[in-house]
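Taking it in order: structure first as structure tokens, then the write-up.
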Amino acid sequence: MTEVSTGRVAPAVLPKPNEPCWCGSGTKYKKCHRGADTVEARKRGPEVRRGIRPGVISPVRSVPANIPRPDYATSGRPARSPVLPEVKSPDVIDRMRRACKAAAEVLQATAAHIRPGITTEELDAIAHEEYIRRGGYPSPLNYHGFPKSICTSVNEVICHGIPDSRALEDGDIVNLDITIFLDGVHGDTSATYLVGTVEPDSERLVRVTRECLDLGIAAVKPGRPISDIGKAIEAHATQNGMGVVRAYCGHGIGERFHSSLQIPHHYDPEAKTIMQPGMTFTIEPMITLGHWHSRVWDDGWTAVTADGSRTAQFEHTLLVTDEGAEILTVA
Ligand code: MF3
Ligand code: CO
Ligand code: CO
């Protein structure tokens, strides 16, 4: 059997059955590419995209009873408590420093296991133990019903990928998103990693996305509007011919996982909130090699690029200081 070529495109006018195939194999067309050149196959295009597909999700992991839990841990729904201030007290900031450091450590410890062949479910199990070892609760677990302790987002998955039975493949890129609930506050961080040998475009995507986060952080200045952050990020992505995902934003964080404060990663002139010392929020740009449009799988979580292009993300939790930003999610 001849394999369907992925690199070449069938010509508009196809050969007759007994003529040599258009692909240059020297074989008669009817014995070579004729089967692949059906109307259906041609609709799909010459390169059949092998996208990420849902795998099997293992049963829910338990957290020891002695570990303090956020209010949604059982019900799946965060309690409707009064709106908490975005400018945090010294006590909350102190606790966030510890939680954010722990989140960064869990990320490092889990990422050390990334290699072709490991399943995202195995990475989730490793992270789950790392949270618990530090006395923390995995914030994603049962947050609005999310079934796992971390998010694992591979290739065209933008964010909120659910760890499952799929093994990482050589050439993949994978984002691990870790959030810990420790000392009554959340610390949230993520990074994208190369699995084995990755093609240059993906490598460039991951590098530019990291730079977008750095530039977003550099734009944090008390007295300036939140929109400065997305302005800096979008400029860099655009210069590199990349897209900025709009459907998901950074967020205020502290005693609640996501507060009402939103941090768009594209330039949104409506993001007029003025940054003040003591505010804590995340910046977590999701950058694509293609368009910024996204859609969500039937599982209600997995967000993917609408055009199937690859996408990367980096995230830190930050504190606004008198001068700029302090990165809290450092190990
Ligand atoms: N950690 C993600 C963020 O950066 C949120 C994950 S929510 C979950 O905001 F439910 F998917 F875990
Ligand atoms: Co996160
Ligand atoms: Co976040």
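Counting convention: from 1, in listed order, for ligands and their atoms alike.
The protein non-hydrogen atom at the shortest distance from atom 12 (F) of ligand 1 is P140 CB, 3.0 Å. The shortest contact between atom 7 (S) of ligand 1 and any protein heavy atom is with Y143 CD2, 3.9 Å. Looking only at heavy atoms of the protein, atom 4 (O) of ligand 1 is closest to E284 OE1, 2.7 Å. In this structure, the protein non-hydrogen atom closest to atom 2 (C) of ligand 1 is D177 OD2, 3.4 Å.
Shortest distance from the Co ion (ligand 3) to H251 is reached at NE2 (N/O/S atoms only). Within E284, the N/O/S atom positioned nearest the Co ion (ligand 3) carries the name OE2. Within D188, the N, O or S atom at minimum distance from the Co ion (ligand 3) carries the name OD2.
Between W301 and H160, the ring planes are perpendicular. Angles over 60° get that label, and only those under 30° would be called parallel. Classification of the Y137-Y72 ring pair by plane angle, with boundaries at 30° and 60°, yields perpendicular.
Contact annotation: the side chain of R95 approaches that of D91 to within less than 4.5 Å [non-hydrogen atoms, C-beta and beyond]. Under the 4.5 Å side-chain criterion, counting only non-hydrogen atoms from C-beta, M275 is in contact with I229.
Counting backbone and side-chain atoms alike, E315 contributes an N/O/S atom closer than 2.8 Å to the Co ion (ligand 3).
Of the listed options L141, I162, D188, D188 places a heavy atom closest to atom 3 (C) of ligand 1. Closest heavy-atom approach to atom 10 (F) of ligand 1 within the set Y72, F146, Y248: this belongs to F146.
Interatomic distance, CG of D268 versus CD of E234, reported as 10.0 Å (0.5 Å rounding). To the nearest 0.5 Å, the span separating CD on Q313 from CD on E284 amounts to 5.0 Å. To the nearest 0.5 Å, atom CG of residue L328 and atom OG1 of residue T282 are 11.5 Å apart. Atom CE of M96 and atom CG of D188 lie 9.0 Å apart (nearest 0.5 Å).
For a threshold of 3.5 Å applied to N or O pairs, the pair formed by H258 and ligand 1 contains at least one separation below that value. Below 3.5 Å of separation, one finds no N or O of W301 facing any N or O of ligand 1.
Contacts between C151 and ligand 1, counted as non-hydrogen atom pairs separated by less than 4.0 Å, involve the side chain only.
Heavy-atom contacts of T179 reach the following atoms of ligand 1: 1 (N) (cutoff under 4.0 Å).
Ligand 1 has no atom lying under 4.0 Å from any heavy atom of H144.
Aromatic ring centres of H258 and Y143: separated by under 6.0 Å.
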